[in-house]
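Just below is one structure, and these are the notes that go with it.
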Amino acid sequence: MKNFNLKQVCLMLCLLLFFSCSREENDPIQLEDQVQLNFNTVILDMMNRSSLKQSISDVPDCSDDTPFYVELILMQGDTEMLGDPSAPFRADLEPGQLFTRDTPGLKLPPGTYGLDHFAVYNEAGDLLWLAPRIDGDMAAFSDSPLPMNIELMAGTKPYMDIPVMCYDNRDVNEYGYLFFELDAIPLFQYCFFANYCDDNGRHYPARYAVEISIGDNILYEEEISVTGINEDGEYFADPLCLVLPDLEIYDDDEEYIDYTLRLLEWEGVYSIEEEIEVSGSLSREDIEDQFNGDENVEYEHVFFNCDAGDSEPPEDLPDIEEAAFSNPTNITNPYYGPPAGHIYEYEGYELEDGELPEEPSEVIFIERKTETKVVMGVTTIIQRDYVMEDGVIIEDTDDWLAQDEDGNLWYFGEDSKNYDEEGNFIDNEGSWEAGVDGALPGYWLPGNPFVGQIYYQEWYAGEAEDFAEVIAIDETVTTDLGTFENVLVTKDINPFEEDVYELKYYAPGTGLILEEKYEEGELVEVVYLVGIIVID
């Protein structure tokens, strides 16, 4: 149920033509024994000038701000001639241009110099572009990373072209300045997620190392996926996302990026007896196909010792082939809510020493949207479920539901977006779609439940295999909203979370009114329906 979805970024790599000649033949040199050095400026970033060690995260987002000045460090041998890491030398740009003004400090004796740092800023001092360094992650994308040698010869007035870069989503062809040409190389996020199957067929999220290369050029080596234990003591694995170049010199379907994933031990989760590797190659089409909108980055799902979708669906999985959907958006199942035009408000509480706190830890809203979505040829309603903490949405999910002619409410998947405590998008973990990558739908709610009935809610091998058991159909439940009779109670189980289950209570004519989460037999969290808002 992990779909990573993250924002498309582009790298604008401006490889500028180097030339050492006068801009105009009649442009005079001010001093015979000194050379006026100028730069065709390009925008760059130096997040940490003290080390000058760049990583992909150092490259700034491109903006529409006007470049105003550059900062640079010019060396002669090991001697800092102009500027140093704590105070780079500043040279202003010609107004509206991308080359420096004649600057007295850049009048230098003929000789060999080394440009060790080069950055361009706007008038407010905000960093815009970055010249890549040979010792940084971005060197692979430049033919001329810093440090750059500069030969100053008497009788010339050189304009030095500096390769720089920034992440950009715009059409860089809108630029076209006198002293350089632009060659745009888009960079895309490309994400991997992996599962490992032991010899008994059990699926685990995998810990692995990645190597990526183009020909003999290694872009990434021993990049290790992020795994760990969260604050609840649960093991987690995140998709591993890397930046790859979309090179137009290759045909759309020509594979030019090679990758190898190597399975690693994960203490406490699984152990391996022999090394397992999975290799493959990517084309420009493969890279671009992983994008579904600017903020929705899908991932390459890799399986160690098992194949995607190879596991046989369980016998208890409802058979979608036998279901008839004559009016799938007309939801009459009595245990479903909210109806159209209503929003259900829930409050979630995490128990503290077995006691309910005074304030909820989260507030959940559920509403039925007016839009629909077709999944596996069935028109589904879209139920929006969003979770808020301290007034900030941390999870926003669209569930896709449809009812068959027997009253069974089917679950066809979800599009889930996760955010941090400040509302910044994190990923699409939890997303899946029936009919994609072997995933199949299950029951959200059965039409005629009976005690002892076991049914699968979803089936995405190794990812989403939740199932439920009906344990009561005549329960009486009292909440702050009143007393509800003939309540349906289900025990929901995620097989990948040991000793964890949820009890869900559905009242006829209302829907979900209460949810309880248990860990190792202990009640740890409850969610109550606290309000019904009529909007239509």
Side-chain angles (χ1 to χ4, degrees), residues 1 3 296 318 320 323-348 362-388 393-419 428 430-435 439 441-449 455 457-458 464 466 468 477 479 481-482 484 487-488 490 492 502 504-515 527-536:
M1 255 170 36
N3 207 358
N296 191 4
I320 187 66
F325 295 91
S326 59
N327 193 6
T329 61
N330 181 30
I331 310 302
T332 60
N333 188 301
Y335 301 107
Y336 174 74
H342 295 69
I343 297 177
Y344 282 9
E345 179 180 357
Y346 297 83
E347 290 181 349
E362 59 186 21
V363 179
I364 305 103
F365 294 92
I366 296 179
E367 64 175 305
R368 176 175 169 178
K369 300 169 69 173
T370 57
E371 299 90 347
T372 60
K373 178 180 174 65
V374 176
V375 183
M376 294 186 71
V378 178
T379 301
T380 68
I381 67 167
I382 300 176
Q383 173 184 283
R384 185 189 180 198
D385 175 348
Y386 58 100
V387 181
M388 303 186 71
I393 293 179
I394 62 168
E395 182 179 332
D396 196 347
T397 301
D398 283 347
D399 297 303
W400 306 317
L401 312 175
Q403 182 175 300
D404 66 20
E405 293 180 356
D406 294 325
N408 300 302
L409 188 60
W410 288 76
Y411 177 34
F412 282 82
E414 66 179 69
D415 178 16
S416 182
K417 298 181 178 65
N418 303 298
Y419 303 85
N428 294 99
S431 300
W432 68 280
E433 181 174 343
Y443 286 161
W444 185 272
L445 286 166
N448 296 288
Y455 58 93
Q457 300 159 320
E458 55 192 350
D466 294 7
V477 178
T479 72
L481 289 183
F484 300 88
V487 172
L488 166 69
T490 65
D492 292 23
E502 295 176 342
K504 293 183 178 180
Y505 299 79
Y506 300 89
T510 301
L512 181 66
I513 58 171
L514 173 64
E515 182 178 315
V527 177
Y528 295 100
L529 175 64
V530 297
I532 299 176
I533 305 169
V534 179
I535 58 175
D536 191 6

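For the atom pair OH of Tyr344 and OG1 of Thr510, the computed distance is 5.5 Å after rounding to the nearest 0.5 Å. Here the CG-CD distance, from Asp492 to Glu502, works out to 6.0 Å after rounding to the nearest 0.5 Å. Taken from CD1 in Ile381 to OG1 in Thr329, the straight-line distance is 8.0 Å, to the nearest 0.5 Å. Here CD1 of Ile535 is found 11.5 Å from CZ of Arg368. Values are rounded to the nearest 0.5 Å. Residue Glu362 holds its CD atom at 8.5 Å from CD of Glu395, rounded to the nearest 0.5 Å.
Taking the side chain as every heavy atom from C-beta outward, Leu445 and Leu488 approach each other to under 4.5 Å. Between Tyr528 and Leu481, the closest side-chain pair of non-hydrogen atoms is not below 4.5 Å. You'll find the side chain of Val363 reaches within 4.5 Å of the side chain of Glu345, heavy atoms only. Side-chain contact check for Tyr506 versus Pro449: every heavy-atom pair is 4.5 Å or farther apart.
Although no hydrogens or angles enter the test, the distance criterion places a donor-acceptor pair under 3.5 Å between the side chain of Asn333 and the main chain of Pro446. Between the side chain of Asn408 and the backbone N or O of Gly447, at least one donor-acceptor pair lies under 3.5 Å. Ser416 places no side-chain N or O within 3.5 Å of a backbone atom of Ser431 that could act as its donor or acceptor partner. Put simply, the side chain of Tyr346 never gets that close to the backbone of Ile366: no donor and acceptor are under 3.5 Å apart.
Closest approach of Ile364 and Gly348 over heavy atoms only: CD1-N, 4.2 Å. For the residue pair Pro441 and Met376, the shortest heavy atom distance occurs at CD-SD, 3.8 Å. Glu414 and Gly430 make their closest contact through OE2-O, 3.1 Å (heavy atoms, listed as atom of the first residue, atom of the second, distance).
In this structure, Phe484 places its CZ atom where more than 12 heavy-atom neighbours from other residues, nucleotides or ligands lie under 6.0 Å away. Applying the 6.0 Å contact sphere to CG of Asn448 captures no more than 12 heavy atoms from other residues, nucleotides or ligands.
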*Evaluate the criterion side chain to side chain contact (heavy atoms under 4.5 Å, CB included) for residue pair Phe412 and Leu401; output intermediate values, then yes/no.*
CA-CA 6 Å; Phe412 282 82; Leu401 312 175; over 6 Å; no
*Just do the side chain to side chain contact (heavy atoms under 4.5 Å, CB included) check on Tyr505 and Leu529 with the steps written out, would you?*
CA-CA 10 Å; Tyr505 299 79; Leu529 175 64; over 6 Å; no
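Checked against the 6.0 Å centroid criterion, the rings of Trp432 and Tyr411 qualify as a close aromatic pair. Side-chain rings of Trp410 and Tyr443 approach one another, their centers coming within less than 6.0 Å.
The stretch residues 372-386 participates, sequence neighbours left out, in these side-chain hydrogen bond (donor to acceptor under 3.5 Å, both in side chains) pairs: Tyr336-Gln383, Arg384-Asp396.
Among residues two or more places apart in sequence or in another chain, the side-chain hydrogen bond (donor to acceptor under 3.5 Å, both in side chains) test is passed with Glu515 by none.
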